[in-house]
Student: 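Below: one structure in structure tokens.
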Amino acid sequence: MAAGRYAPSPSGDLHLGNLRTAVLAWLFARRSGRDFYLRVEDIDSERSSPESARRQITDLSSLGLDYDPPVVYQSERGALYEEALARLPVYECYCTRRDIREAASAPHARPGMYPGTCRDLTEEQRALRRHELAEAGRMPALRLRASAREWTVRDVYHGEVTGPVDDVILRRGGNLNQAQAGDWAYNLAVVVDDGEQGVDQVVRGDDLLSSAPAQAYLAHLLGYVEPAYVHVPLVVNALGQRLAKRDGAVTLREMGLGAAWAEIVRSIGCEGVGSAAELLEVFEPKGLPREPWVWR
Ligand code: GLU
């Protein structure tokens with residue numbers, strides 16, 4: 001069964017930009033006869049909370065978005081990630097953020113990409129770095145040993161997008177003293193979940209377009225269908241910055257359902273439409289403004 005999804009991180013209430021993306025994800029899925037899943041991306045153990053997930057789901061339901069069970073929680077899916085990890089070429093990475101920052105300023109570093117510091121170490125070098133890290137109470141992270149430098153995805157609004165493939169982190173560094181492996185990384189979890197859930201349509205904010213090539217490459221390596229992408233413009237504040245909670249009353253509970261709904265439908269070219277069911281009848285992908293939506 002073909003499916004779409006909305007996959008929020010439960011680290012606070014959804015704001016207008018998140019809600020708008022959720023409505024669009026639901027519209028794209030339902031108008032194409034797909035299942036629509038909610039997936040709680042709670043792998044970041046420090047920032048996620050079950051209470052926040054519960055509030056997000058309540059807010060999405062109050063907009064009239066229906067979803068197909070079950071709601072999936074990434075924190076419960078470690079076994080699947082473990083299995084996928086075992087099928088991928090990986091290497092240990094001992095770098096701190098600072099190491100990466102420093103190496104990234106070297107002359108032939110690719111901007112924003114992992115500079116490859118730990119990719120080709122000898123076994124002796126690895127033993128030494130592992131030991132140094134252990135002294136600091138840390139365990140190494142695991143990175144993908146990518147053999148493609150770039151990958152091409154198809155996006156409804158952006159057409160064919162070719163972007164760089166990085167040696168992305170698959171599992172974060174852990175804490176040795178607590179004998180605890182690190183959190184699963186977003187890039188691995190998102191690809192495994194989309195693959196395992198049969199998600200073949202990914203609708204999300206434009207800020208994630210640059211991760212799509214590496215994710216599609218990872219899907220390819222794992223033998224999953226590479227999804228069709230729909231990256232939609234973000235909601236921004238008056239300064240053109242991505243909307244954030246500090247921008248004022250931007251959550252559904254702060255704005256009130258009526259005002260939030262009115263703003264969402266206006267922002268997607270459907271001003272005045274009163275309900276999700278009605279929206280499904282009239283929404284036209286071509287009518288979605290292609291510029292970021294400015295919230296004032
Ligand atoms: N959990 C991510 C976020 O809230 C979205 C991931 C995705 O849609 O691929 O930003």
Side-chain angles (χ1 to χ4, degrees), residues 3-29 34-50 52-57 59-60 65 67 71-77 80-81 84 151 153-158 161 163 165-166 168-170 172 183-220 222 224-236 241-245 250-252 292:
R5 47 61 160 194
Y6 181 62
S9 305
S11 57
D13 285 347
L14 299 170
H15 61 56
L16 182 69
N18 308 132
L19 296 165
R20 176 186 195 255
T21 301
V23 169
L24 288 167
W26 178 83
L27 282 169
F28 271 92
R34 284 179 165 83
D35 279 353
F36 180 68
Y37 298 128
L38 287 187
R39 186 167 72 229
V40 177
E41 301 214 318
D42 57 353
I43 34 171
D44 182 338
S45 51
E46 274 168 33
R47 300 187 56 213
S48 306
S49 81
S52 166
R54 203 185 53 71
R55 289 170 65 96
Q56 291 185 343
I57 294 168
D59 287 355
L60 295 170
L65 310 185
Y67 51 89
V71 175
V72 158
Y73 289 78
Q74 288 190 326
S75 58
E76 295 168 359
R77 293 165 71 82
L80 282 174
Y81 307 144
W151 204 253
V153 299
R154 272 216 64 80
D155 185 282
V156 164
Y157 290 115
H158 299 267
V161 177
V165 167
D166 200 7
V168 288
I169 295 258
L170 301 174
R172 303 190 178 287
D183 284 339
W184 295 103
Y186 158 67
N187 280 307
L188 178 67
V190 81
V191 168
V192 171
D193 285 335
D194 285 340
E196 296 294 328
Q197 291 190 278
V199 168
D200 63 347
Q201 177 191 62
V202 168
V203 182
R204 59 188 183 184
D206 267 346
D207 53 332
L208 289 169
L209 178 62
S210 61
S211 338
Q215 291 173 2
Y217 172 65
L218 201 47
H220 161 81
L222 288 167
Y224 297 132
V225 171
E226 294 172 44
Y229 291 97
V230 187
H231 287 91
V232 299
L234 297 176
V235 176
V236 297
Q241 301 155 335
R242 181 161 60 146
L243 195 69
K245 276 164 212 130
V250 291
T251 68
L252 194 147

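Order of listing sets the numbers, starting from 1, for every ligand and every atom in it.
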Student: Under 3.5 Å, side chain of Asp200 to main-chain N/O of Gly4, donor-acceptor pair present?
Tutor: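 It does not hold such a pair.
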
Student: Could you give me the CA-CA distance, side-chain angles and deciding distance for Arg5 and Gln197, then say whether side-chain hydrogen bond (donor to acceptor under 3.5 Å, both in side chains) is met?
Tutor: CA-CA 9 Å; Arg5 47 61 160 194; Gln197 291 190 278; over 6 Å; no

Student: Indicate yes or no: does an N/O atom of Val202 lie under 3.5 Å from an N/O atom of ligand 1?
Tutor: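 Between Val202 and ligand 1 (N or O atoms, distance only) the closest approach is not under 3.5 Å.
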
Student: So is Gln215 in contact with ligand 1, going by heavy-atom distances below 4.0 Å?
Tutor: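 False for this residue.
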
Student: Which bit of Tyr186 is near ligand 1, meaning a heavy atom under 4.0 Å away: side chain, backbone, both or neither?
Tutor: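 Looking at Tyr186 and ligand 1, just side chain atoms fall under 4.0 Å.
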
Student: Looking only at atom types and distance, does a side-chain atom of Gln56 sit under 3.5 Å from a main-chain N or O of Gly12, one as donor and one as acceptor?
Tutor: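 Here the side-chain-to-backbone pair exists.
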
Student: Any idea which atoms of ligand 1 are less than 4.0 Å away from a heavy-atom of Val190?
Tutor: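 With Val190 as reference, the close atoms of ligand 1 come out as 9 (O).
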
Student: So if I count the atoms of ligand 1 from 1 in the order they appear, which ones are less than 4.0 Å from some heavy atom of Arg5?
Tutor: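 Those atoms are 7 (C), 8 (O), 9 (O).
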
Student: Does the pair Asp194/Arg39 count as a salt bridge with the N-to-O cut at 4.0 Å?
Tutor: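 Salt bridge between Asp194 and Arg39, a charged N being under 4.0 Å from a carboxylate O: yes.
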
Student: State whether the side chain of Asp42 and the backbone N or O of Ser48 hold a donor-acceptor pair below 3.5 Å, judged by distance alone.
Tutor: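 A pair under 3.5 Å: no.
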
Student: At what distance is the nearest protein heavy atom to atom 10 (O) of ligand 1, and which residue and atom is it?
Tutor: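 Looking only at protein heavy atoms, the one closest to atom 10 (O) of ligand 1 is Leu208 CD1, 4.3 Å.
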
Student: Quick one: look up the protein heavy atom nearest atom 5 (C) of ligand 1 and list residue, atom name and how far away it is.
Tutor: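 The closest heavy atom on the protein side is Ala7 O, 3.4 Å.
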
Student: Where is the nearest protein heavy atom to atom 3 (C) of ligand 1: which residue, which atom, and how far?
Tutor: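 Atom 3 (C) of ligand 1 sits closest to the protein heavy atom Ser9 OG, 3.6 Å.
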
Student: Counting only N and O atoms by type, is there a donor-acceptor contact under 3.5 Å from the side chain of Asn18 to the main-chain atoms of His15?
Tutor: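 Checking the backbone N and O of His15 against the side chain of Asn18, a donor-acceptor pair under 3.5 Å is found.
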
Student: Quick check against the 3.5 Å criterion: does Asp44 have a side-chain atom that pairs as donor or acceptor with the backbone of Glu46?
Tutor: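 Indeed, once roles are kept as given, a pair shorter than 3.5 Å links the two residues.
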
Student: Considering Gln56, Glu41, Arg204, which one's heavy-atom position lies nearest to atom 6 (C) of ligand 1?
Tutor: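 Of the listed residues, Glu41 has the closest heavy atom.
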
